[in-house]
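For reference, the structure is listed below as structure tokens.
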Amino acid sequence: SGGTVPRQRPPPSDMSRGLTLLLLPLALLAAPAQAEGGRAAEEEVKIEVLHLPEACSPKSKKGDLLNAHYDGFLASDGSRFYCSRTQNEGHPKWFVLGVGQVIKGLDIAMMNMCPGEKRKVTIPPSLAYGQQGYAQGKIPPNATLIFEIELYAVNKGPRSVEAFNQIDKDSDKKLSELEISQYLKEEFARDGKKRHPSVHDEILADIFKKNDHDGDGFISAKEYNVYQHDEL
């Protein structure tokens, strides 16, 4: 990937980036393909653990917010089609595990993984881009993919019970405009970036536009918890 790997920032709090991810789900690779039929049932992800920390906790599960670096290679010739360290100024990628933000093979490959762990995983075409391939990502049809993954952080996901309860100050199981506004102010203060005041209002309006499905001015637990990996 050229150059040195950037120094890793300390992991954020469990809620860091939570509401940002309500608006901007991050993906490792765009456009996950549907698994192909036929031999798909016989194929599985092969996982080789390259490094396992002595203290391996917490282990990742569906709905967790992960922070990782990874390289993707074609198994056929070993050529690298993706390197996260050369994208986005070298920052590790954030994504929610097990909800289809990445190809199915990666959702499987990164379960039960702990911070500091490194894995080499082999993903069959049926759990990657199938017969179509992914031309934009330089992945040909029927390609077996290999990823080398280094996981940095495992946090409670943005749609978790913990996240909802932290924002829901009065514990009435719904999020008011005031509660989300206060949460945004706290998040903005935490990351220390200067923003025009209008940014706060725009994000707040967008959150309600995308999440307040019944238009009652509140985001209910059901409206918030779209991934449904937790029970409120």
Side-chain angles (χ1 to χ4, degrees), residues 1-2 17 20-51 59-88 90-114 117-155 157-160 210 225-230:
S1 56
R17 300 187 181 224
T20 310
L21 272 160
L22 291 179
L23 309 173
L24 303 170
L26 299 178
L28 286 178
L29 297 167
Q34 295 299 312
E36 303 297 323
R39 293 170 51 227
E42 300 169 26
E43 296 181 324
E44 59 182 14
V45 176
K46 293 174 184 166
I47 298 172
E48 179 188 351
V49 177
L50 303 178
H51 174 71
K59 290 196 172 185
S60 60
K61 64 184 186 303
K62 181 180 177 181
D64 281 345
L65 178 62
L66 305 188
N67 186 229
H69 262 317
Y70 54 90
D71 292 274
F73 304 87
L74 297 178
S76 56
D77 61 5
S79 62
R80 182 166 61 192
F81 62 82
Y82 193 83
C83 174
S84 64
R85 291 178 176 87
T86 62
Q87 306 283 326
N88 190 29
H91 297 305
K93 301 295 179 189
W94 290 95
F95 67 98
V96 179
L97 184 65
V99 298
Q101 287 188 356
V102 295
I103 56 174
K104 189 170 180 64
L106 280 171
D107 268 341
I108 294 168
M110 296 185 69
M111 289 286 181
N112 297 310
M113 197 172 178
C114 59
E117 185 173 342
K118 296 179 185 178
R119 288 182 178 180
K120 180 179 180 180
V121 302
T122 304
I123 299 174
S126 61
L127 298 174
Y129 293 94
Q131 293 173 3
Q132 289 81 21
Y134 180 46
Q136 190 180 337
K138 299 179 181 174
I139 297 167
N142 299 310
T144 297
L145 307 181
I146 296 172
F147 284 92
E148 291 182 359
I149 306 161
E150 181 173 5
L151 184 61
Y152 292 114
V154 176
N155 292 322
R159 301 287 190 165
S160 67
K210 289 192 169 91
N225 197 35
V226 295
Y227 299 142
Q228 297 177 342
H229 61 268
D230 281 313

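No experiment lies behind these values; they were computed from the predicted model shown.
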Asn142 and Gln131: CA distance, side-chain angles, deciding distance, side-chain contact (heavy atoms from CB on, under 4.5 Å) verdict:
CA-CA 5 Å; Asn142 299 310; Gln131 293 173 3; 3.5 Å; yes

Using the salt bridge (Lys or Arg N to Asp or Glu O under 4.0 Å) rule, take Arg85 and Asp71 through it: C-alpha gap first, then chi angles, then the decisive distance, then the call.
CA-CA 8 Å; Arg85 291 178 176 87; Asp71 292 274; 3.4 Å; yes

Give the C-alpha distance, both sets of side-chain angles, the deciding distance and a yes or no for side-chain contact (heavy atoms from CB on, under 4.5 Å) between Leu97 and Met111.
CA-CA 8 Å; Leu97 184 65; Met111 289 286 181; 3.6 Å; yes

Under the side-chain contact (heavy atoms from CB on, under 4.5 Å) criterion, do Leu127 and Glu44 qualify, and how do the steps go?
CA-CA 8 Å; Leu127 298 174; Glu44 59 182 14; 5.5 Å; no

With salt bridge (Lys or Arg N to Asp or Glu O under 4.0 Å) as the criterion, how do Lys104 and Asp107 come out once you've worked through the C-alpha distance, each side chain's angles and the decisive distance to 0.1 Å?
CA-CA 5 Å; Lys104 189 170 180 64; Asp107 268 341; over 6 Å; no

side-chain contact (heavy atoms from CB on, under 4.5 Å) for Tyr82 and Ile139? Distances and angles first, verdict last.
CA-CA 10 Å; Tyr82 193 83; Ile139 297 167; over 6 Å; no

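Every residue meeting the salt bridge (Lys or Arg N to Asp or Glu O under 4.0 Å) condition with Glu117, not counting sequence neighbours, appears here in chain and number order: Arg119.
A distance of 8.5 Å separates CD in Glu150 from CE in Met113, rounded to the nearest 0.5 Å. Atoms OG1 and CD, on Thr144 and Glu43 in that order, are 7.0 Å from each other to the nearest 0.5 Å. Note that CG of Leu66 and NZ of Lys61 are 10.0 Å apart. Values are rounded to the nearest 0.5 Å. Taking CG of Leu145 as the start and CG of Leu74 as the end, the distance is 6.5 Å to the nearest 0.5 Å. To the nearest 0.5 Å, atom CD of residue Glu148 and atom SG of residue Cys83 are 10.5 Å apart.
Note: His69 and Tyr152 have perpendicular aromatic rings, judged against thresholds of 30 and 60 degrees for the angle between ring planes. Using a 30° and 60° split on the angle between ring planes, Phe81 and Phe147 fall in the perpendicular class, above 60°.
The closest donor-acceptor contact from the side chain of Asn67 to the backbone of Val154 lies at 3.5 Å or more, if one exists at all.
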